[in-house]
Amino acid sequence: MGENELPRHIAVIMDGNGRWAKKRLLPRAAGHRAGMNRMIGLAEHIFDRGVKYCTLFALSTENLSRPREELNGLYALFREYFPNNARTLAQKSICLRVIGDRTLLPADIVALIEDGERTTAGGERGTLQLAIGYGGRQDILNAVNEAVRLGKTLTQEEFSALLSTSGIPDPDLLIRTGKELRISNFLLWQAAYAELYFTDVLFPDFSDRELDKAIEAYSRRERRFGKV
């Protein structure tokens, strides 16, 4: 890999909002709001750097078992932020895609997602993929069940086309903030050869400079994909 080479696709597990709030003696809702603001700024910086694809793990299927009060707060943030930011993405020619099980989400949230995807469909500068109600194992299982329904043996490329990320290249760089050293059921098939970058920085504090450090670390790695 050449010095300063950019990843084509960056994926981020945005972890640490609750702990960020706790450290400041704030309610968890304040951490989620700070995380939402950072998510918007981070995505903007990623595309400004010239990266073409960005996937952000916003809400996992496991997160949906959290207390109802916390989930309602997250949905309220989504209702507040999503429409304006979808319009901003459209103005910047960024296409929005949302992956995950929409049947697990409130109907009005699903309507906002669908409207945002329609609004940004013509974006050619880059693609922002949000994982909401997403689980990597379920994504694989859905593809397996579809393969069974089709009654055919598939190549890896054909199987990838059945995943929710169809049409998006696999991530080159997968970042997890918040100190934990795991990928937590995120893009399990797609991240098979992603370069992993873990940082102790809690997501609301994961600044543009921290993102640049991750890209710099990526540029120094040699990717062989199992070859010599």
Side-chain angles (χ1 to χ4, degrees), residues 6-17 32-61 63 74-75 77-102 105 109-136 139 160-161 163-177 183-187 189-191 194-195 197 203-204 206-208 210-212 214-215 218:
L6 277 174
R8 183 168 57 158
H9 180 180
I10 294 178
V12 184
I13 301 173
M14 306 179 294
D15 192 21
N17 294 341
H32 292 312
R33 181 173 291 276
M36 179 70 77
N37 287 322
R38 180 78 288 258
M39 181 179 76
I40 294 167
L42 180 68
E44 183 175 345
H45 184 61
I46 285 174
F47 290 117
D48 284 347
R49 283 293 310 265
V51 176
K52 296 300 183 184
Y53 301 92
C54 171
T55 300
L56 303 178
F57 202 6
L59 190 69
S60 71
T61 50
N63 292 154
L74 288 169
Y75 294 145
L77 282 175
F78 197 87
R79 295 178 182 108
E80 177 183 348
Y81 281 84
F82 195 86
N84 285 339
N85 282 285
R87 287 191 287 272
T88 299
L89 290 172
Q91 292 167 1
K92 295 184 176 183
S93 195
I94 302 297
C95 177
L96 174 69
R97 288 180 51 163
V98 178
I99 57 174
D101 187 350
R102 299 182 188 186
L105 304 174
I109 299 295
V110 174
L112 286 175
I113 289 171
E114 292 174 347
D115 184 64
E117 289 179 325
R118 284 192 297 269
T119 299
T120 64
E124 297 181 348
R125 180 179 164 219
T127 298
L128 174 61
Q129 188 168 242
L130 297 180
I132 302 174
Y134 175 85
D139 197 9
S160 292
L163 295 168
S164 63
T165 52
S166 175
I168 301 293
D170 290 343
D172 302 298
L173 173 62
L174 192 157
I175 300 167
R176 181 171 186 146
T177 67
I183 62 172
S184 296
N185 199 21
F186 183 47
L187 301 179
W189 173 276
Q190 299 89 334
E195 295 296 320
Y197 182 89
F203 183 69
F206 190 71
S207 65
D208 292 350
E210 292 293 334
L211 186 278
D212 290 341
I215 293 176
Y218 169 87

For [X], enumerate each residue passing the salt bridge (charged side-chain N to carboxylate O under 4.0 Å, His left out) test, keeping only those at least two apart in sequence or located in another chain.
X: Arg102; value: Glu117
X: Glu80; value: Arg33
X: Asp139; value: none
X: Asp101; value: none

Looking at every non-hydrogen atom in both residues, tell me the closest pair between [X] and [Y] and how far apart they are.
X: Phe186; Y: Ala131; value: CE1-CB, 4.1 Å
X: Ala58; Y: Ile132; value: CB-CG1, 4.1 Å
X: Pro171; Y: Ala194; value: O-CB, 3.4 Å
X: Thr120; Y: Ile94; value: CB-O, 3.4 Å
X: Ser164; Y: Ile99; value: O-CG2, 3.5 Å
X: Met36; Y: Leu77; value: CE-CB, 4.0 Å

Inset, instruction - May I have the step-by-step check of side-chain contact (heavy atoms from CB on, under 4.5 Å) for Tyr53 and Asp172, ending in yes or no? - result: CA-CA 10 Å; Tyr53 301 92; Asp172 302 298; over 6 Å; no
Legend entry - Counterpart residues, side-chain contact (heavy atoms from CB on, under 4.5 Å), relative to Arg87 (two or more places apart):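 Partners of Arg87 by the side-chain contact (heavy atoms from CB on, under 4.5 Å) criterion, ordered by chain and then number, come out as Pro83, Asn84.
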Inset, instruction - Can you sort out the partners of Thr88 under side-chain contact (heavy atoms from CB on, under 4.5 Å), two or more places apart, ordered by chain and number? - result: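 In terms of side-chain contact (heavy atoms from CB on, under 4.5 Å), with neighbours along the sequence ignored, Thr88 is linked to Lys92.
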State, with a plain yes or no, whether a side-chain heavy atom of [X] is found less than 4.5 Å away from one of [Y].
X: Met39; Y: Phe203; answer: yes
X: Asn17; Y: Pro204; answer: yes
X: Leu128; Y: Arg97; answer: no
X: Ile113; Y: Leu105; answer: yes
X: Leu163; Y: Gln190; answer: yes

Legend entry - Chi angles and distances behind the side-chain contact (heavy atoms from CB on, under 4.5 Å) call for Ile40, Leu42: CA-CA 6 Å; Ile40 294 167; Leu42 180 68; over 6 Å; no
Is it the case that the side chains of [Y] and [X] hold a donor-acceptor pair, with the cut-off being a distance below 3.5 Å and no angle test?
X: Ser184; Y: Arg176; answer: yes
X: Ser93; Y: Glu124; answer: no
X: Asn185; Y: Tyr134; answer: no

Is [X] reaching over with its side chain to a backbone N or O of [Y], donor-acceptor style, under 3.5 angstrom?
X: Thr165; Y: Ile168; value: no
X: Asn85; Y: Tyr81; value: yes
X: Ser60; Y: Asn63; value: yes
X: Thr177; Y: Asp15; value: yes

Starting at [atom1] of [X], measure out to [atom2] of [Y] and round the result to the nearest 0.5 Å.
X: Tyr197; Y: Leu174; atom1: OH; atom2: CG; value: 13.0 Å
X: His32; Y: Leu59; atom1: NE2; atom2: CG; value: 9.0 Å
X: Glu44; Y: Leu89; atom1: CD; atom2: CG; value: 9.5 Å

Legend entry - From CA spacing to verdict: side-chain contact (heavy atoms from CB on, under 4.5 Å), Asp170, Leu187: CA-CA 9 Å; Asp170 290 343; Leu187 301 179; over 6 Å; no
Applying side-chain hydrogen bond (donor to acceptor under 3.5 Å, both in side chains), can you list everything that pairs with [X], at least two apart in sequence or on another chain?
X: Thr55; answer: His9, Gln129
X: Asp48; answer: Arg125
X: Arg118; answer: none
X: Arg38; answer: Asp208

Inset, instruction - Walk me through it: do Phe57 and Leu130 pass the test side-chain contact (heavy atoms from CB on, under 4.5 Å)? - result: CA-CA 6 Å; Phe57 202 6; Leu130 297 180; over 6 Å; no
Inset, instruction - Would you please name every residue forming a ring-ring contact (aromatic ring centres under 6.0 Å, His included) with Phe47, sequence neighbours left out? - result: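 Phe47 satisfies ring-ring contact (aromatic ring centres under 6.0 Å, His included) with no other residue.
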Legend entry - For Phe82, ring-ring contact (aromatic ring centres under 6.0 Å, His included) partners two or more places apart: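 In terms of ring-ring contact (aromatic ring centres under 6.0 Å, His included), with neighbours along the sequence ignored, Phe82 is linked to Phe78.
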